Amino acid sequence: MQQGWLSNWLVKHEVVHRSLGFDHRGIETLQIKAEDWDSIAVILYVYGYNYLRSQCAYDVAPGGSLASVYHLTRIQYGIDNPEELCIKVFAQKDNPRIPSVFWIWRSSDFQERESFDMVGISYDNHPRLKRILMPESWIGWPLRKDYITPNFYEIQDAH
């Protein structure tokens, strides 16, 4: 399988990762261990990936793991030719913890909070990690595949 520059750099520096190949637009996707994510994020920022285009999370499979996905952009040679990169960080469902990148990319604030709220990944060192879409009293993580929908919903006044 062909590897991109980041995968080659990680191999050279003996950082364990897994190349997931390239998507239809030629964007490299890498799987990174959660314990390596904060240092790799700093390296990417210093290298010029100063724009976090999006962050999302999903449930890989019932009883499996959860994934936090980061789409990063580096604009070096003009707005028409951005370099993009996709990083996937996996965490086990029994203790889903991933280092927050809030202190590197401030735009991850609401995105990591939404991932926490919907999927249940806890982002270590996030300054305001609390529910953002669901009420604080909500039980469970609605976008997990093993989520059981409650029989009732408490309707609140909009006043």
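Since the structure is predicted, the reported quantities are computational estimates derived from the model, not experimental observations. If you read the sequence from its start, that first residue is 1, and numbering goes on from there.
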(request) Quick one: closest heavy-atom pair of Ser100 and Glu112, and the distance? (result)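 Scanning both residues completely, I find the closest heavy atoms to be OG-OE1, 2.6 Å.
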
(message) Give me the atom names and distance for the closest heavy-atom approach of Ser115 to Ala57.
(response) OG-CB, 3.5 Å

So how far is it from [X] [atom1] to [Y] [atom2], rounded to the nearest 0.5 Å?
X: Leu85; Y: Tyr47; atom1: CG; atom2: OH; answer: 10.5 Å
X: Leu44; Y: Leu30; atom1: CG; atom2: CG; answer: 9.0 Å
X: Ile40; Y: Glu35; atom1: CD1; atom2: CD; answer: 9.5 Å
X: Ile27; Y: Thr29; atom1: CD1; atom2: OG1; answer: 7.5 Å

(request) Using side chain to side chain donor-acceptor pair (under 3.5 Å) as the criterion, point out the one residue from Gln55, Arg97, Arg113, Gln111 that pairs with Tyr123. (result) Gln55

(request) Show your working on side-chain hydrogen bond (donor to acceptor under 3.5 Å, both in side chains) between Tyr51 and Arg74 and close with a plain yes or no. (result) CA-CA 7 Å; Tyr51 178 56; Arg74 175 181 182 217; over 6 Å; no

(request) Verify the ring-centre separation between Trp105 and Tyr70: is it less than 6.0 angstrom? (result) no

(request) For this output row, return yes or no: ring centroids of Phe116 and Trp141 closer than 6.0 angstrom. (result)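 Yes, ring centres under 6.0 Å apart.
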
(message) With a 4.0 Å cut-off on N to O distance, would you call Asp117 and Lys130 a salt bridge?
(response) no

(message) Less than 4.0 angstrom from a charged side-chain N to a carboxylate O is my criterion; do Lys145 and Asp59 meet it?
(response) no

(message) So Arg25 and Glu84, do their side chains get closer than 4.5 Å, heavy atoms only?
(response)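 In short, these two side chains touch, coming nearer than 4.5 Å.
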
